[in-house]
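Shown next, in structure tokens, is the structure this report addresses.
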Amino acid sequence: MSQLFTPVRIGRLSLPNRLVMAPMTRSRNSDDGVPSELAITYYTQRAGAGLIITECAYVSPMGKGYVRTPGIATDAQMAAWKQVTDAVHAKGGRIFMQLWHTGRISHPSLLPEGALPVAPSAIKPAGQGWTPVGLQDFVTPRALAVDEIAKIVADFRSATRRALEAGFDGVELHAASGYLPEQFLSSGTNQRQDEYGGSLAGRARFILDVLQAMVAEAGGDRVGIKISPEMNFNDIVDANPQETFTYLVEQLRGLNLAYLHVALFGAKLDYHALLRPRFDGAYLIGGGLDQKSAEAALADGRADAMVFGGAFLANPDLPERFRQGAPLNVPDQNTFYSPGAQGYIDYPFLSGTNAA
Ligand code: PHB
């Protein structure tokens with residue numbers, strides 16, 4: 001018996017199926033972080049998902065880390081997102097917005113007045129990032145002062161309010177993939193000796209402060225968090241990830257969050273077995289799934305819903321394809337981040353058209 005097509009409650013929402021569209025950067029927005037008309041089509045085409053989680057939106061201009069990524073910091077950005085949420089809701093869908101601050105994974109060419117990226121500590125990430133002037137080495141970020149940290153926490157709160165005003169059903173904190181929240185959490189990127197570092201409790205404080213601010217605005221039942229233990233993306237390293245993520249998840253209890261989204265890419269430890277029993281809300285699994293492994297995880301009770309990235313990107317009608325056992329379109333990596341409609345809204349539906 002398929003579990004993917006049974007309903008499930010996530011916070012305030014009742015999902016008609018357990019297929020969640022993963023947050024994915026698509027870089028089709030204006031240089032000012034405003035989604036275009038294409039985004040309305042892209043998300044509406046995928047409204048058959050139990051839940052859509054949008055590409056990540058920056059909470060302030062200093063939180064931008066990639067070209068043509070969207071924000072939720074200005075009225076123009078909000079107004080454009082409102083068109084997206086209205087269209088998705090009109091199609092019967094549900095949509096959360098993912099929120100981020102990329103911290104040191106940015107570049108002066110992406111930031112206001114060519115500012116240096118900010119981070120918990122002035123530690124340069126290995127590697128390069130895509131900027132308006134092409135692929136560039138990351139730079140040594142500037143360490144945040146405590147009053148600046150409070151300002152960023154407040155930015156997450158305003159962004160949550162703006163997302164709700166723009167019609168989103170909830171918000172997800174991007175605490176995965178080596179961006180600012182995980183830079184605070186991880187021992188390799190946080191060498192602070194104040195209340196935002198020093199101990200595990202200190203390193204976790206930023207994420208918990210941000211979540212508290214988001215919950216104060218939206219209620220816990222409209223807030224989720226994404227983590228990716230041991231992904232080691234963006235040069236993030238932690239000396240003891242098992243201890244770190246156990247502690248973090250145990251601290252989430254009082255917040256009554258809608259869900260915990262755990263994406264595993266190459267982790268050696270079974271974090272799902274470790275973390276799920278420590279969390280009371282819905283548990284979402286992402287990372288390299290197919291229909292068979294998704295059904296197996298649901299059948300074993302390892303998760304409440306399953307998160308698909310590339311498969312949703314290339315198959316707007318993914319739930320219908322799974323239901324029918326139909327073949328899947330293959331995602332084209334060359335158009336993941338390229339501007340324009342190609343590889344964005346032209347993946348065919350089963351019917352052979354690309355109408356929503
Ligand atoms: C991620 O959050 O894992 C992520 C974000 C932006 C990218 C790629 C990956 O361009």
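Each ligand, and each atom within it, is numbered from 1 in the order the structure gives. Along the sequence shown, residues carry numbers from 1.
- The single protein non-hydrogen atom nearest to atom 4 (C) of ligand 1 is Tyr179 OH, 3.6 Å, given as residue, atom name and distance.
- By the criterion of side-chain heavy atoms lying less than 4.5 angstrom apart, applied directly or through intervening Ile, Leu, Val, Met, Phe, Trp or Tyr residues, Leu38 is grouped together with Ile40 in one hydrophobic cluster.
- When all heavy atoms of Tyr247 and Ala204 are compared, the closest pair comes out as CE2-CB, 3.7 Å.
- Residue Trp130 does not touch ligand 1, judged by heavy-atom distances below 4.0 Å.
- Asp280 places no side-chain N or O within donor-acceptor distance of the main-chain N or O of Asn256, the cut-off being under 3.5 Å.
- Between Asp32 and Lys64, none of the side-chain N atoms (NZ, or NE/NH1/NH2) sits under 4.0 Å from a carboxylate O, so this pair counts as no salt bridge.
- Taking atom 10 (O) of ligand 1 as the reference point, the nearest protein heavy-atom neighbour is Tyr337 OH, 3.6 Å.
- Given atom 6 (C) of ligand 1, the protein heavy atom at minimum distance is Thr25 OG1, 3.3 Å.
- Taking the six-membered ring where the residue is Trp, Tyr196 and Phe206 present perpendicular rings, their angle passing 60° and hence far from 30°.
- In this structure, His174 is part of the shell of residues with a heavy atom less than 4.0 angstrom from ligand 1.
- If you check which protein heavy atom lies closest to atom 9 (C) of ligand 1, you get Phe233 CE2, 3.6 Å.
- At least one N/O-N/O distance between Ser177 and ligand 1 falls below 3.5 Å.
- Judged by distance alone, the side chain of Glu182 and the main-chain N or O of Ser177 form a donor-acceptor pair under 3.5 Å.
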